[in-house]
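Just so it is clear: chains get the letters A, B, ... in the order the sequence lines come, proteins before strands, and each one is counted from 1. Values below: all heavy atoms of this structure, side chains included; hydrogens, waters and symmetry mates excluded.
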There are 2 protein chains.
Amino acid sequence: MDKPYKEFLTAHGIKSTTQRNIVLDLLHEMDGPASAEDLYLKAVSLYPSVNLSTIYRMLELFHSKNIVVKNMLSESKKTIYELNTDTHKHYMVCMKCKRIFPLEHCPCFLIEKAVSEYSDFEIRDHKLEIMGYCASCK
Amino acid sequence: MDKPYKEFLTAHGIKSTTQRNIVLDLLHEMDGPASAEDLYLKAVSLYPSVNLSTIYRMLELFHSKNIVVKNMLSESKKTIYELNTDTHKHYMVCMKCKRIFPLEHCPCFLIEKAVSEYSDFEIRDHKLEIMGYCASCK
DNA sequence: ATCAGTGCAAAAGCTTTGCAGCGGT
DNA sequence: ACCGCTGCAAAGCTTTTGCACTGAT
């Protein structure tokens with residue numbers, strides 16, 4: 001089992017293990033966010049002895065190192081994870097096919113500006129979730 | 001035990017019970033959203049035999065009748081409930097005191113307009129969650 | 001009297017944790 | 001050889017469900 005992310009992991013001060021390399025690879029290949037179970041199911045087919053709790057611990061570790069971002073969409077009650085690209089993470093969720101479409105360019109500044117005009121709240125971050133129908137479902 | 005919401009409940013086609021009147025009263029008196037457990041703890045002090053599962057069933061029923069709205073904020077993993085006032089429900093969460101401030105006037109149109117300019121997604125609803133520091137914590 | 005509503009207990013679903021053994025450095 | 005990582009099993013937490021009894025109409 002080769003470990004393509006060995007340097008990346010040691011640079012973050014954490015050990016390079018087979019499981020971590022597999023999960024990092026899966027995270028890189030995904031086009032959207034995934035739940036711990038999604039990742040687990042994919043990882044099992046590559047490395048059958050892997051355990052769900054290892055995935056959870058790993059994702060939590062990656063999160064603490066800012067390698068992945070965590071989110072939760074209101075419908076699912078499941079935490080979703082994806083690589084941190086240092087951009088805001090907002091999503092459009094299709095109400096029919098349930099697919100999640102990451103939204104890279106969010107008009108954040110419009111929101112923050114408008115909100116700050118009528119409230120005494122110091123905004124540090126925000127989450128936006130958009131629901132509707134995707135191009136193929138509408 | 002008087003039942004101030006009897007007419008309201010029968011108008012929605014559901015029976016007026018002591019427990020439902022208590023919870024409706026609690027919902028009216030709150031200034032923000034509350035979890036099922038929050039409501040349960042308040043209800044128990046007024047009606048000790050009440051059960052958490054009754055609260056959940058009631059809130060789900062109220063939700064199906066559009067009497068309450070459900071939401072979940074990303075930090076908590078708990079569903080929060082509040083009376084439906086037919087306005088969008090967005091929240092500002094203080095990162096220090098954890099209090100939740102409902103945001104009545106959201107610049108929704110700005111978001112929807114900007115998003116529709118660069119995506120082929122038919123927007124039906126959206127959720128906005130703002131994190132930062134409230135006036136007394138910042 | 002009927003049948004929806006309730007309390008209780010158990011289960012379900014997602015996530016976390018304790019512990020002993022394994023594996024990377 | 002050390003100590004962090006992992007697998008396994010059990011527990012934790014929120015929410016749901018089955019069932020028999022209660023209470024509103």
Between [options], spot the one nearest the side chain of [X], thanks.
{"X": "A:T17", "options": "C:dG5, D:dT6, D:dG7", "value": "D:dT6"}
{"X": "B:K78", "options": "D:dG7, D:dG23, D:dT15", "value": "D:dT15"}
{"X": "B:K15", "options": "D:dT15, C:dC8, D:dA24", "value": "D:dA24"}
{"X": "B:Y47", "options": "C:dC3, D:dC5, C:dG7", "value": "C:dG7"}

Original post:
Given that A:Q19 and B:Y81 both sit by DNA chain D, which one's nearest nucleotide is further toward the 5' end?
Top reply: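 With A:Q19 and B:Y81 compared, the 5'-side residue is A:Q19.
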
**OP:** Can you label the angle between the B:H28 ring and the B:F8 ring as parallel, tilted or perpendicular, going by 30° and 60°?
**Re:**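 The rings of B:H28 and B:F8 stand perpendicular, inter-plane angle above 60°.
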
**OP:** Work out which heavy atom in B:H63 is nearest to a heavy atom in B:V69; give both atom names and the distance.
**Re:**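 Taking every non-hydrogen atom into account, ND1-CA, 4.3 Å.
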
Original post:
Can you list, by residue number, the residues of residues 56-67 of chain B that have a non-hydrogen atom closer than 4.0 angstrom to DNA chain C?
Top reply: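 Those residues are B:R57.
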
Subject >> Estimated bend of the helix from C:dA1-D:dT25 to C:dT25-D:dA1 (axis per five terminal pairs, rounded to 10 degrees) >> reply: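 Taking the rotation axis at each end, their angle is 20°.
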
Subject >> Phosphate OP1/OP2 of C:dT6: any B:S49 side-chain N/O under 4.0 Å >> reply: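 The answer is no; no side-chain N or O of B:S49 sits under 4.0 Å from OP1 or OP2.
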
Original post:
To the nearest angstrom, how far is A:Y40 atom OH from D:dG7 atom C1'?
Top reply: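 These atoms are roughly 10 Å apart.
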
**OP:** Measure the distance from CG on B:L9 to C1' on C:dA4 and round it to the nearest whole Å.
**Re:**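 B:L9 atom CG is separated from C:dA4 atom C1' by 13 Å.
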
Original post:
In terms of side-chain heavy atoms, does A:S35 have a donor or acceptor partner in A:D38 at a distance below 3.5 Å?
Top reply: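 Their side chains do contain a donor-acceptor pair, which is all the 3.5 Å distance test asks for.
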
Original post:
Which part of the nucleic acid, if any, lies within reach of B:K70 when heavy atoms closer than 4.0 Å are counted: base, sugar-phosphate only, or nothing?
Top reply: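 Answer is nothing: B:K70 stays at 4.0 Å or more from every strand.
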
Original post:
Under the 3.5 Å rule, do the base of C:dC8 and the side chain of B:S53 count as making a donor-acceptor pair?
Top reply: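 Between C:dC8 and B:S53, which were checked side chain against base, a qualifying N/O pair under 3.5 Å is present.
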
**OP:** Check each of A:L39, A:V44, A:L26 against A:I55 using the side chain to side chain contact (heavy atoms under 4.5 Å, CB included) test, and report the only one that passes.
**Re:**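 Testing each of A:L39, A:V44, A:L26 against A:I55, the sole residue satisfying side chain to side chain contact (heavy atoms under 4.5 Å, CB included) is A:L39.
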
